[in-house]
Structure formats: structure tokens, C-alpha cells
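One structure is given here, and the rest of the page talks about it.
Chain naming here is simple, since letters A, B, ... match the order of the sequence lines and numbering starts at 1 in each. Please read all numbers here as calculations on a predicted model, not as lab measurements.
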2 protein chains.
Amino acid sequence: MTFSEENYLKTIYHLTTHLNTEISTNAIAEKMETKASSVTDMLKKLAEKDLVNYKKYQGVSLTENGQLAAKMIVRKHRLWEVFLVEKLDFSWDEVHDVAEQLEHIKSEKLINKLDTFLGNPTEDPHGDPIPDANGNIIKVEKQLLSEIGIAKKTICVGVRDTSTEFLQYLDKQKIALGSSIEILSKEEFDASLHLKVNNQELVVSSKIAGNLYVQLI
Amino acid sequence: MTFSEENYLKTIYHLTTHLNTEISTNAIAEKMETKASSVTDMLKKLAEKDLVNYKKYQGVSLTENGQLAAKMIVRKHRLWEVFLVEKLDFSWDEVHDVAEQLEHIKSEKLINKLDTFLGNPTEDPHGDPIPDANGNIIKVEKQLLSEIGIAKKTICVGVRDTSTEFLQYLDKQKIALGSSIEILSKEEFDASLHLKVNNQELVVSSKIAGNLYVQLI
DNA sequence: AATAATTTTTAGTTTTGTCTAAATTTTAAT
DNA sequence: ATTAAAATTTAGACAAAACTAAAAATTATT
Ligand SMILES: [Mn+2]
Ligand SMILES: [Mn+2]
Ligand SMILES: [Mn+2]
Ligand SMILES: [Mn+2]
């Protein structure tokens, strides 16, 4: 499988887990910053290889084969992110681009030994689940902070936006995976939240709250 | 720089260190298992980018830029090999193909942090030197076992052939980097050597002796 | 020095993945 | 039910990196 084919599969996989319908050509094109015509060409090729179900004008979904292949790429991406943070001392906002490259290294032995070396982690540095060697994923209950009621006590367990800007904002506010977050009050006007984060009070916008995953304690 | 350009540079670099002349189109083609015409095309492109000195029909050599670029690829290749052996428990005959892929990952931060993580090794699992971040190489005195006189005591410090077959032969004979090797006698007829390796007697052909690097004690 | 053999380059194709522009299909709006 | 708008596909072109076959240059041999 080529570098490019792998990136298409991964994109379709991510779009499928967020939305839950057939994926449109344009959605793929937008996410990959390419043109719809290029997407169409690739979808034909992937369909030929039985990696996607594709009917003209009808959108696309992953086949069993395609889904497993996509999960293996995601597995590699997230394991490498763990490696970079845990072993090489990268910060969580620096790992994505390097992992985008490392995810395409082809060696089952490598990825499984890496998995062992890292202690078979189930989540990456952003709280996203890591598929095991068979593609199984441990699903953890989590909700967006924006969807939680007042006076609830929670733990931060993930981020929805993984951009450098957002992650660095969280660093600045000392919010990390594992931080305790209590919702003190919500401002009606703009849905901003008054929080207690690790015993420090903090006000965050609804945009921030809509990108933080938490678990109720 | 593309994957392919990097492979050409690396090949020219390796050919240059072995031979010490201008490198021929055919030599590159043979090493890369490609056609001479493809090599010519690429040499033009590399010359355009000031990575090689190329004049039609006259062979090719690396420019300063090209040499540094090649060394950085070799650096990555060898550091990854150390990682695979030291941290992931690969054996020395399994690492080359994976390192061929990993050497193309583009991130200065990654390779320098990896270097630190590994304790700034100066040699890879096959005894080959690892260039530092500036391209400097610590050259270690070593000679082929086939060029050493009788009754000399030596330490194995490297291999010339790094094929799986040769490395597995060495494993079978319990010869590794650091093994003590004493030459007991040489057979005139076929230049085979009677050795004492780690206090075990062993006979090896001249082909073996011509692929083992040793240091006199 | 002339010719033969070898090496290298050029010219013209092919494949992969991309693009633009035009045509087609689907969806939305009147 | 038409028409307009949007989404998608097709057609044709291009760049990268490979190939084959033919031409040109170099090297070796007589
Ligand atoms: Mn990532
Ligand atoms: Mn991640
Ligand atoms: Mn190697
Ligand atoms: Mn090596």
C-alpha cells in the first residue's frame, strides 16, 4: 500500500468515527487539502483493492479490510506519539507531524516490539485510544466539558482539537490529562465556564470547553 | 529532498568511501538495482540542486552540501539501528531493512533526541561509525582479519558484509563485536584461517576473514 | 589509427498522484 | 415540475521516477 493510499484510508476512518454516515468526496478533499477530482481517482483505486465501498455519487465507506488497515495506521501513529512523549521527551504539541511520517513505516515486528517496549499503552498523549494488534479498541466513557452540568467534578481525559495552539493554551493554563476539573458556574450569555482546575479558579470560553474531554468522578 | 534523491546520495556516499574516485553511472545503477538511464536523469537533478558535481560522461562526486546531506542520512540509519537493537531487542541481522525506511523520516529534533536517548553512540550494531549532528565521524583503526599476520591477538570490531546470511553465520559461530580472535595458523592452499575465538578453536574461509574487521590488541 | 566493445546519454513511454476545466449527476429552491 | 446551485465525475495535462531502445561518447583492442 502506498503512502498516499494510507493517508486516504486514515482520513476516511477519522471522518467515519466523527460523523457516522457515508463519507462524501468533498469532505475527504477538504480534510486532505486536495481536490475532489483527485479524491475520486483514489476512491476508484481503493475500491479496486477492496478497501472501500464506493458507488459513483453515493459517497464511500471502509470495507472490513479497509477498516483494519486504517486501524493499523492509527495504531502506529498513536504508538509513535507515545514513544516520542514518553521516551524522547517531546511535548504533546510537537508529536503529530513526526507521527504522520512514522505511521507509514512498514514492519509488523517493529510496531509490535515498540508496543511492548512502551508497555502496551491503551491511549496516546492526547487521550485517544490505541488499537491493539488485532484492531481492537478499548472504548473509554468520555464527554465534552461543554456538555456537563454545573457543580460536577471531573477528570480531564482527552482533547478534541489537537492543534499546537490549543495544546499550548492548555499547557499555559496547567490543564493536562489527569487534571481535576470542577464546574463552578456557567455564564448564560456566552456559555463560558467558571472552573476550578487543580484547585485553581479559571474561566474558559465555550470553545475551550467544547474541545476538552472529561470523565465524571 | 525526496526519498529517491536521498537514496541516490547515500549510495554515492557509500561508493565514495569504499572506492576513492569519481563514481560511475553504472556503479550507482548496479548498487541501486536500477538502470543507467534512470541514474543519469537523477544525477542531472542532483547537480541542479548542487548536491553532486556532475559532468557528462565524467562520473560524479558529492559536493560539500551533498556530502553533509548523505552523512545525515547515514547518521539516521545507524542511530535507528542502534535503537532497534538496544531498545527493541532486534538482532543485528534484522535491522537494516527497517532502518532503510526510518532513515527518511524528516525531523532534526527527532534524530537529535533519539541520539541523546541512546547515549550518543559512536558506532552502530555492525561496528560502523555514526556521524554526529555536524557530520563529524570518529574514525577507528580497524583491519580486515584476512590482512592480519599469524599469532596476532585481536578483537572483532566490525563487519564488512552486513547481509543476513553472514550475520547469522557469525551468530552461529558465536562471533560478535567484542569477541577476541587469535590467529593460530593460515592454510597456504586456500588462505583459510585457524582461529581461537573466545577460547574456542574454529576454522574459517578467506571469504569470512575478508568480511570481519578486527583491532590488534 | 581504425575498429570494436563498453559506457553513458538521449528520446520517447509508462505509472502514480496530482491538477484544471468541462460535463454530469444530485440536491435545493423557486 | 422546472430551474438553479452544489457536488461529483470525466477528460486531458503535468511532474516525478522509473523503463526500453537507440544514439553518442569513451575506452579497449587490434
Ligand atoms: Mn496525531
Ligand atoms: Mn494523538
Ligand atoms: Mn544498515
Ligand atoms: Mn549498520
Side-chain angles (χ1 to χ4, degrees), chain A residues 1-13 15-16 18-62 66 69-70 73 100-101 103-106, chain B residues 1-13 15-16 18-62 66 69-70 73 100-101 103-106:
Chain A
M1 200 155 24
T2 68
F3 199 96
S4 190
E5 287 171 346
E6 291 189 341
N7 283 335
Y8 275 94
L9 280 187
K10 193 181 51 157
T11 299
I12 297 167
Y13 175 80
L15 288 170
T16 303
H18 280 288
L19 318 167
N20 212 11
T21 59
E22 300 282 292
I23 303 303
S24 75
T25 302
N26 265 2
I28 298 168
E30 191 178 347
K31 191 119 181 194
M32 299 190 68
E33 298 182 44
T34 183
K35 294 297 152 77
S37 55
S38 306
V39 175
T40 300
D41 286 345
M42 182 57 83
L43 293 183
K44 287 182 191 166
K45 198 195 304 184
L46 294 175
E48 195 59 45
K49 296 189 175 186
D50 190 34
L51 294 165
V52 300
N53 304 115
Y54 171 62
K55 280 201 220 99
K56 273 193 196 180
Y57 295 101
Q58 301 300 129
V60 73
S61 61
L62 293 173
I73 301 163
E100 286 287 306
Q101 299 180 62
E103 73 190 4
H104 299 291
I105 301 293
K106 280 156 195 71
Chain B
M1 201 152 26
T2 69
F3 200 95
S4 189
E5 288 171 345
E6 291 189 342
N7 283 335
Y8 275 94
L9 279 187
K10 192 182 52 157
T11 299
I12 297 167
Y13 176 79
L15 288 170
T16 303
H18 282 287
L19 319 166
N20 212 8
T21 58
E22 299 282 293
I23 304 304
S24 76
T25 302
N26 265 1
I28 297 168
E30 192 178 345
K31 191 118 183 196
M32 299 190 68
E33 298 180 44
T34 183
K35 294 297 153 73
S37 54
S38 306
V39 175
T40 300
D41 286 346
M42 182 57 83
L43 293 183
K44 286 181 191 166
K45 199 197 301 187
L46 294 175
E48 195 59 46
K49 296 188 175 187
D50 191 34
L51 294 165
V52 300
N53 304 115
Y54 170 63
K55 279 201 221 100
K56 273 193 195 179
Y57 295 100
Q58 302 299 130
V60 73
S61 61
L62 295 173
I73 300 162
E100 286 288 306
Q101 297 181 64
E103 73 190 3
H104 299 291
I105 301 294
K106 280 157 195 70

Within less than 4.0 Å of OP1 or OP2 of [N], is there a side-chain N or O belonging to [X]?
X	N	answer
Thr25(B)	dT9(C)	yes
Lys44(A)	dT9(D)	no
Thr34(A)	dC19(C)	yes
Ser24(A)	dA7(D)	no

Which protein N or O atoms sit under 3.5 Å from an N or O of nucleotides 2-6 of chain C?
none

Under a 4.5 Å cut-off applied to non-hydrogen side-chain atoms, are [X] and [Y] in contact?
X	Y	answer
Leu51(A)	Met1(A)	yes
Glu103(B)	Lys10(B)	yes
Ile23(A)	Tyr13(A)	no
Ile105(A)	Ile105(B)	yes
Val52(B)	Tyr8(B)	no

Worksheet item: How would you label the contact of Tyr8(A) with the nucleic acid (heavy atoms, under 4.0 Å): base, sugar-phosphate, or nothing?
Response: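 Result for Tyr8(A) = sugar-phosphate.
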Discussion item. Applying a 4.0 Å non-hydrogen cut-off, can you work out what Ser4(A) is touching in the nucleic acid: base, sugar-phosphate, or nothing?
Written reply: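 Result for Ser4(A) = sugar-phosphate.
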Find the distance [X]:[atom1] to [N]:[atom2] and express it as a whole number of Å.
X	N	atom1	atom2	result
Glu5(B)	dA18(D)	CD	P	10 Å
Ile23(A)	dT8(D)	CD1	P	11 Å
Phe3(A)	dT18(C)	CZ	P	11 Å
Leu43(A)	dT10(D)	CG	P	11 Å
Met32(B)	dA18(D)	CE	C1'	11 Å
Asp41(A)	dT8(D)	CG	C1'	12 Å

Item to complete: Would you please name every residue forming a side-chain hydrogen bond (donor to acceptor under 3.5 Å, both in side chains) with Lys56(B), sequence neighbours left out?
Response: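 With neighbours one apart ignored, the set is empty.
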Discussion item. Please enumerate all residues that pass side-chain hydrogen bond (donor to acceptor under 3.5 Å, both in side chains) together with Lys44(A), with sequence neighbours excluded.
Written reply: none
Check whether any side-chain N or O of [X] sits under 3.5 Å from a backbone N or O of [Y] as a donor-acceptor pair, and report yes or no.
X	Y	value
Thr16(A)	Ile12(A)	yes
Gln101(A)	Lys106(B)	yes
Glu5(B)	Thr2(B)	yes

Item to complete: May I ask you to list the residues of residues 51-59 of chain B, by number, that have any heavy atom positioned under 4.0 Å from an atom of DNA chain C?
Response: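 Nucleic-acid contacts, sorted: Tyr54(B), Lys56(B), Tyr57(B).
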Item to complete: Determine the stems involving DNA chain C; a stem requires 3 or more consecutive pairs of the Watson-Crick or G-U wobble kind, each with both distances below 3.5 Å, and the answer is none if no such run exists.
Response: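 Detected stem regions: C:1-30 with D:1-30.
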Identify the pairs formed between an N or O of the protein and an N or O of nucleotides 20-22 of chain D at a distance under 3.5 Å, and give each distance.
{"unit_1": "dT20(D)", "atom_1": "OP2", "unit_2": "Lys35(B)", "atom_2": "NZ", "d": "2.8"}
{"unit_1": "dT20(D)", "atom_1": "O4", "unit_2": "Ser37(B)", "atom_2": "OG", "d": "3.0"}

Discussion item. Given Val60(B), which partner from the list Leu46(B), Asn53(B), Leu43(B) fulfils the side chain to side chain contact (heavy atoms under 4.5 Å, CB included) test?
Written reply: Leu43(B)
Item to complete: Start with the C-alpha distance between Asn7(B) and Met32(B), add both sets of side-chain angles, then the distance that settles side-chain contact (heavy atoms from CB on, under 4.5 Å), and finish with yes or no.
Response: CA-CA 8 Å; Asn7(B) 283 335; Met32(B) 299 190 68; 3.8 Å; yes
Worksheet item: Are Lys35(A) and Glu30(A) within salt-bridge range, i.e. N to O under 4.0 Å?
Response: no
Item to complete: Check Ala36(B) against Ala29(B) and note the closest heavy-atom contact, atom names and distance.
Response: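 Ala36(B) and Ala29(B) have their closest heavy atoms at N-CB, 3.8 Å.
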